[in-house]
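What follows is one structure encoded as structure tokens, with my remarks underneath.
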Amino acid sequence: MTRTGTTLARFIIETQARFPAATGVFSALLAQIGQAGKQITLHLRRAGLINILGATGETNVQGEAVKKLDALANETFIATLRAGGMVCVLASEEMEKPMYLSESGPRSCYVLLFDPLDGSSNTDVNMPLGSIFSIFRYEGKAGQPSETALLRKGMEQVAAGYLLYGSSTVLVFTSGQGVHGFTLDPGIGDYRLTHGEIRVPAKGTVYCVNEGNYQKWPAGTRRYVDFLKERDKASGRPYTLRYSGCLVADVHRLLLEGGIYLYPGETDKPEGKLRLLYEANPLALVVEQAGGRAGTGAERILTIEPKALHQRVPLLIGSPEDVATAEAFIQGKYHS
Ligand code: AFP
């Protein structure tokens, strides 16, 4: 296993050496995502000083008010990946249509889908934020991939991960060989390996959900959350509620300490809120690669056949035992 403290650049070289067929394109792409994360970190650290708080006045394709930091993060990813030339098409939670990077030439063989800034309701109150990325290989023979070519099952991702902008900036990703976490070391301006081979605990004692939506949930979901609050020492209940308003921050906690995050379907909105391609798919790949579980309550996230670029899905994600219990409640199959 690679030594803790190894820089991301070194880690990428060592990993690539293990795959003689590797072309180095993926490694370079990962380094570019890290680069975008550094630039966004710089902006966030000075956000209150340089008039980039607040909204732009526009509304995005999700029907949400666009924060200045959302737009800045989106532009930072586009500029970094355009300059890098490894990606032929980008799709962002902030953009209605995919963006084709035609000048990226023959080497471009990747498709990148991303949520440039997750947790936008936290931007102006100095609370955690994140970026989420999902990478597919572009197989198209000639010309640009169509929009439908972007609608691929999560299990076809070649890599996925997130950047967490918290007390420090952390880059966590998987490319199919385990899940690794790197912390940005401002002293050297590079990421250092701090969390090698992350494994999710089988069961936790924390749950993350917006309980303000309780009355909107179907009975099975309400029963599950009630169950978590019952007193039962043997099963570690009542669980502790932790909800940051930032999916990336909550999933990072679960990855390290166990537990479950839920954004369930609602009786009037069975598809829930979270986006399949930009949020659920990439985080499901990371969590499953670390031994966790991710589903809608009815099916595994990574097997869903996407129908639309901005499709929403219910999400239950985290420790395998906790997600399995939640699914049993939602499917009306839980027997104590
Ligand atoms: P935004 O990025 O649009 O703020 O959404 C954040 C998010 O997708 C996820 O990060 C949060 O866990 C969840 O939505 C918060 O949603 P509620 O405000 O409805 O609880």
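When a residue number appears, it is its place in the shown sequence, counting from 1. Both backbone and side-chain heavy atoms feed into the values below; hydrogens, waters and symmetry mates do not.
A distance of 11.5 Å separates CG of Leu30 from CE of Met86, quoted to the nearest 0.5 Å. Atoms CG and SG, on Leu81 and Cys88 in that order, are 11.5 Å from each other to the nearest 0.5 Å. Atom CD of residue Glu279 and atom CG of residue Leu277 lie 10.5 Å apart, to the nearest 0.5 angstrom. Atom CZ of Phe114 sits about 10.0 Å away from atom CD of Glu93, to the nearest 0.5 Å. Rounding to the nearest 0.5 angstrom, the gap separating the OH atom in Tyr261 from the OG atom in Ser244 is 8.0 Å. Atoms CZ and OG1, on Arg242 and Thr205 in that order, are 9.0 Å from each other to the nearest 0.5 Å.
A side-chain donor-acceptor contact under 3.5 Å links Gln289 to the backbone of Gly178. Judged by distance alone, with hydrogens and angles left aside, the side-chain atoms of Glu257 form no donor-acceptor pair with the main-chain N or O of Arg253 at under 3.5 Å. The closest donor-acceptor contact from the side chain of Lys38 to the backbone of Gly189 lies under 3.5 Å. Checked by atom type and distance alone, the side chain of Asn281 never pairs as donor or acceptor with a backbone atom of Lys153 at under 3.5 Å. Judged by distance alone, with hydrogens and angles left aside, the side-chain atoms of Arg312 form no donor-acceptor pair with the main-chain N or O of Glu271 at under 3.5 Å. Using a distance-only test at 3.5 Å, with no hydrogens or angles considered, no donor-acceptor pair links the side chain of Tyr110 to the main chain of Val89. Remark: the backbone N or O of Lys216 is paired with a side-chain donor or acceptor of Thr267 at under 3.5 angstrom. Put simply, the side chain of Lys68 never gets that close to the backbone of Gly54: no donor and acceptor are under 3.5 Å apart. With Asp232 contributing its side chain and Arg237 its backbone, the two residues share no donor-acceptor pair below 3.5 Å. Formation of a donor-acceptor pair under 3.5 Å by the Thr221 side chain with backbone atoms of Trp217 is not found in this model.
When the side chains of ILVMFWY residues are joined at heavy-atom separations under 4.5 Å, either directly or via intervening members, Tyr100 and Leu151 end up in a single hydrophobic cluster. Leu262 and Leu241 end up in the same hydrophobic cluster when Ile, Leu, Val, Met, Phe, Trp and Tyr side chains are linked at under 4.5 Å. Transitive grouping of hydrophobic side chains (ILVMFWY, heavy atoms separated by less than 4.5 Å) brings Leu276 and Val286 into a common cluster. By the criterion of side-chain heavy atoms lying less than 4.5 angstrom apart, applied directly or through intervening Ile, Leu, Val, Met, Phe, Trp or Tyr residues, Ile301 is grouped together with Val179 in one hydrophobic cluster. Hydrophobic clustering keeps Val66 apart from Ile40 (ILVMFWY residues linked when any side-chain heavy atoms are closer than 4.5 Å, directly or through intermediates).
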Open item on the list: Applying ring pair (Phe, Tyr, Trp, His ring centres under 6.0 Å) to Phe182 and His195, what does each step give before you reach the verdict?
Closed with: CA-CA 6 Å; Phe182 294 77; His195 305 81; 9.4 Å; no

Task: Evaluation steps, side chain to side chain contact (heavy atoms under 4.5 Å, CB included), between Asp185 and Tyr191 - done: CA-CA 6 Å; Asp185 179 345; Tyr191 298 88; over 6 Å; no

TODO: Determine, stepwise, if the pair Val170 / His252 fulfils side chain to side chain contact (heavy atoms under 4.5 Å, CB included).
DONE: CA-CA 10 Å; Val170 174; His252 189 67; 3.9 Å; yes

TODO: Walk me through it: do Lys67 and Ser120 pass the test side chain to side chain donor-acceptor pair (under 3.5 Å)?
DONE: CA-CA 7 Å; Lys67 294 290 184 70; Ser120 312; over 6 Å; no

Task: side chain to side chain contact (heavy atoms under 4.5 Å, CB included) evaluation trace for Tyr207 with Val225 - done: CA-CA 9 Å; Tyr207 71 111; Val225 172; 4.0 Å; yes

Task: Trace of the side chain to side chain contact (heavy atoms under 4.5 Å, CB included) decision for Leu163 with Ile33 - done: CA-CA 9 Å; Leu163 287 145; Ile33 291 169; 4.3 Å; yes

- [ ] Please assess Tyr334 against Phe329 for the test ring pair (Phe, Tyr, Trp, His ring centres under 6.0 Å), listing each intermediate value before the final yes or no.
- [x] CA-CA 5 Å; Tyr334 183 82; Phe329 268 92; 4.2 Å; yes

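Taking every heavy atom of both residues into account, Ala71 and Thr56 meet most closely at CB-CG2, 4.3 Å. Pro314 approaches Pro264 most closely through the heavy-atom pair CB-C, 4.0 Å. Closest approach of Gly245 to Asp250, counting heavy atoms only: N-OD2, 4.2 Å. Residues Thr7 and Asp190 come closest through the heavy atom pair CB-OD2, 3.4 Å. Looking at every heavy atom in both residues, Pro201 comes nearest to Leu255 through CD-O, 3.8 Å. The two residues Leu254 and Ile317 make their nearest non-hydrogen contact at CD1-O, 3.6 Å.
There is no side-chain donor-acceptor pair under 3.5 Å between Glu94 and Asn74. Using modelled atom types and a 3.5 Å distance limit, the side chains of Lys203 and Ser319 yield no donor-acceptor pair. Donor-acceptor pairing under 3.5 Å is lacking for the side chains of Tyr214 and Arg222. A donor-acceptor contact closer than 3.5 angstrom is absent between the side chains of Asp322 and Tyr224. Side-chain contact, Ser168 with Thr183: no donor N or O sits under 3.5 Å from an acceptor N or O. With 3.5 Å as the limit, one finds a donor-acceptor pair spanning the side chains of Gln157 and Ser134.
Inter-residue side-chain proximity for Ile78 and Met95 is flagged as met; some heavy-atom pair is nearer than 4.5 Å. In this structure, Asn210 and Tyr243 have side chains that are in contact, with non-hydrogen atoms separated by less than 4.5 Å. Considering only heavy atoms from C-beta on, Tyr165 comes within 4.5 Å of Leu117 through its side chain. Two residues are said to be in side-chain contact when any heavy atoms from C-beta on lie closer than 4.5 Å; Leu302 and Glu288 meet this criterion. Residues Tyr138 and Val87 are not in side-chain contact: their nearest non-hydrogen atoms beyond the backbone lie 4.5 Å or more apart. At a threshold of 4.5 Å between non-hydrogen side-chain atoms, the residues Phe227 and Thr325 count as touching. Leu129 places none of its side-chain heavy atoms less than 4.5 Å from the side chain of Asp118. With a 4.5 Å cut-off on side-chain heavy atoms, His180 and Leu193 count as touching.
Counting non-hydrogen atoms of neighbouring residues, nucleotides and ligands closer than 6.0 angstrom, the CG atom of Asn126 reaches no more than 12 such neighbours.
For the salt bridge (charged side-chain N to carboxylate O under 4.0 Å, His left out) with Glu147, the lone residue among Lys97, Lys307, Arg152 that qualifies is Lys97.
Look at Arg275 and Glu64 and you find a salt bridge, because one of the NZ, NE, NH1 or NH2 atoms lies within 4.0 Å of a carboxylate O, short of that distance.
Checked against salt bridge (Lys or Arg N to Asp or Glu O under 4.0 Å), Glu327 has the following partners two or more places apart in sequence or in another chain: Arg293.
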